[in-house]
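In what follows, a structure is listed as structure tokens, so that the remarks can point back to it.
Because the structure is predicted, anything quoted here is derived from the model rather than measured. Numbers here are sequence positions counted from 1.
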Amino acid sequence: MNYQNKLLLSMVAICVANSVAAQQQGRIEAGQFDIIPSLNTSMSYVDNVARATDEQAKIYSWRSILSPEIVAATEVDGNPVQFGYRLERGTFFSSSVDDYTDHFVEALTDYELNSRHTINAILRYEDGHEDRGTGFSLGGGSDLTTPDTYKSMYYGAEYTYGSLSSAGEVVLKADRTTLDYDRNEFAYLIRDRATNRIGAEFNYQIAPSTELVFDFTRSFIRYDNNLLENSLESNENRLLVGIAWENTAATSGYAKIGYKEKDFAASNRDNFYGADWEVGIEWQPLTYSTVNFSTSADTNETNGEGSLIRGRNYRLSWTHQWLERLSSSLRYARENNEYIVDDEDFTNRDDKLSIYAASLNYEARRWLSFSLFYRIEDRDSNREAINFDQSVVGVSAEVTL
């Protein structure tokens, strides 16, 4: 199971564990469900809304974001089940064409058949948008009159065989992800797609806090409107081998390296064969200070030129609790994306994106917290139309019961 899904399922278990008759802090009892509402809001100043290049006119604007969320958590035969809905409304005071309203729906469960057999399932639906100058409009944000909007669906399930006391664990997994842009122009129709994945993971304990990991995934990528003569449809195989460890010398993490192959249906597209990796390390030198580092290499579907994107990502963050209610966070991320072009007359497009972010967080009450944040985004490419920089500074607040 990937880290994000494990985290979500852990949150479900926390939400519904140890339920009592009396109303708990942060939730409202409604029959068999605990209703957990929250509200996130922010006000920020954006100095390049459409991510225009240096030669283009830039849009400067204040932006407000209002994002209420409601979660319903319960138990079925002692197993956690959670449903959630979140709305996000973004308003740009000096650029109303960039306003957006996104909707997010999620349902997940972790069903334990017995001590050795567990099934979990997740469903996510997003009616979302891409800010101008991101995603498919990268490098052309100033040419759009509104952000691109899309519908996306993800649903997947995993079956785990093994127990806490067993030396090995087997995980069988399957999922499907769909992406459909709302626009009907040819350039958008050829990007609508579905990705089906099946895989298996085997973990074997080789030391008290260390496991050997084998992770295999096969993906089938199909495009809804296969209008290109040289189809982008492909099948992928990915095998990673590595280790995962916990609470060793104040660190926890995983390190996996392996092989990836991507075979295109079109004979005039070059197949890809190369090395992939996933590494994540959490170091906690003090109980109130945590450093996280992660890096990965993988292939992604192109959102512009070329047959695929060869991505290499690096992330480093540090969070520190200065006082009981005061903390800070620093983050740096680097994305190197190479767009592989099957034409000897053209060089591959090489994009480098650096993101710097900092925040100061204050918990005023149990139910109210504030954050002052600053973010810089800088993209450099051998295609001049892709270069841009953007900075955002603002304050946010989170309100719960």
With a 4.5 Å heavy-atom cut-off, do [X] and [Y] have their side chains touching?
X	Y	result
Glu261	Asn271	no
Glu301	Leu179	no
Arg89	Asp99	yes
Phe264	Phe272	no
Tyr223	Ile190	no
Glu211	Glu169	no
Tyr100	Glu88	yes
Tyr314	Asn336	yes

Side-chain donor-acceptor pair present, [X], [Y], cut-off under 3.5 Å:
X	Y	value
Asn40	Ser67	no
Arg197	Ser219	no
Asn361	Ser371	yes
Asp98	Ser95	yes
Asn79	Glu112	no
Tyr339	Asn300	no
Asp47	Ser391	yes
Arg222	Asn235	yes
His103	Tyr85	yes
Tyr188	Asn225	no

[X] atom [atom1]: more than 12 heavy-atom contacts under 6.0 Å:
X	atom1	answer
Trp245	CH2	yes
Phe346	CZ	no
Gln32	CD	no
Tyr288	OH	no
Glu384	CD	no

TODO: Test salt bridge (charged side-chain N to carboxylate O under 4.0 Å, His left out) on Arg191 and Glu185 and set out the steps.
DONE: CA-CA 10 Å; Arg191 302 299 172 189; Glu185 293 91 335; over 6 Å; no

Shortest non-hydrogen contact between [X] and [Y], atoms and distance:
X	Y	result
Thr178	Ala194	CG2-CB, 4.0 Å
Asn337	Gly311	OD1-CA, 3.5 Å
Gly168	Ser166	O-OG, 3.0 Å
Ile386	Ser381	CB-CB, 3.6 Å
Asp175	Gly156	CB-CA, 3.6 Å
Ala52	Phe388	O-CB, 3.4 Å

May I ask you to decide if the ring planes of [X] and [Y] are parallel, tilted or perpendicular, using 30° and 60° as cut-offs?
X	Y	result
His117	Tyr161	tilted
Trp318	His320	tilted
Phe136	Tyr181	tilted

- [ ] Kindly say whether the aromatic ring centers of His129 and Tyr150 come within a distance under 6.0 Å.
- [x] no

- [ ] Using the side-chain hydrogen bond (donor to acceptor under 3.5 Å, both in side chains) rule, pick out the option among Asp276, Asp215, Thr217 that qualifies with Arg238.
- [x] Asp276

Quick check for you: to the nearest 0.5 Å, what is the distance between [X] atom [atom1] and [Y] atom [atom2]?
X	Y	atom1	atom2	value
Ser327	Tyr362	OG	OH	11.5 Å
Thr146	Arg183	OG1	CZ	6.0 Å
Thr160	Arg116	OG1	CZ	13.5 Å
Leu232	Arg269	CG	CZ	4.0 Å
Asn203	Phe214	CG	CZ	10.0 Å
Ser64	Phe93	OG	CZ	4.5 Å

TODO: Show your reasoning for whether salt bridge (charged side-chain N to carboxylate O under 4.0 Å, His left out) applies to Asp351 and Arg349.
DONE: CA-CA 7 Å; Asp351 291 3; Arg349 178 177 134 193; 2.7 Å; yes

Donor-acceptor pair, side chain of [X] and main chain of [Y], under 3.5 angstrom:
X	Y	result
Asn382	Asn348	yes
Thr319	Ser329	no
Asn303	Gly135	yes
Thr302	Glu305	yes
Gln390	Asn48	yes

Task: N-O pairing of Arg124 and Glu126 below 4.0 Å - done: no

Open item on the list: I'd like to know whether Leu108 forms a side chain to side chain contact (heavy atoms under 4.5 Å, CB included) with Asn120, so could you lay out the CA-CA distance, the side-chain angles of the two residues, the decisive distance to 0.1 Å, and finally the verdict.
Closed with: CA-CA 7 Å; Leu108 57 156; Asn120 68 71; over 6 Å; no

Open item on the list: So, applying salt bridge (Lys or Arg N to Asp or Glu O under 4.0 Å) with Lys151, which one of Asp182, Asp180, Asp192 is it?
Closed with: Asp182

Task: For Glu335, the option from Arg312, Arg310, Arg315 that meets salt bridge (Lys or Arg N to Asp or Glu O under 4.0 Å) - done: Arg315

Distance-only check: which donor-acceptor pairs under 3.5 Å involve side-chain atoms of residues 394-401, not counting sequence neighbours?
none

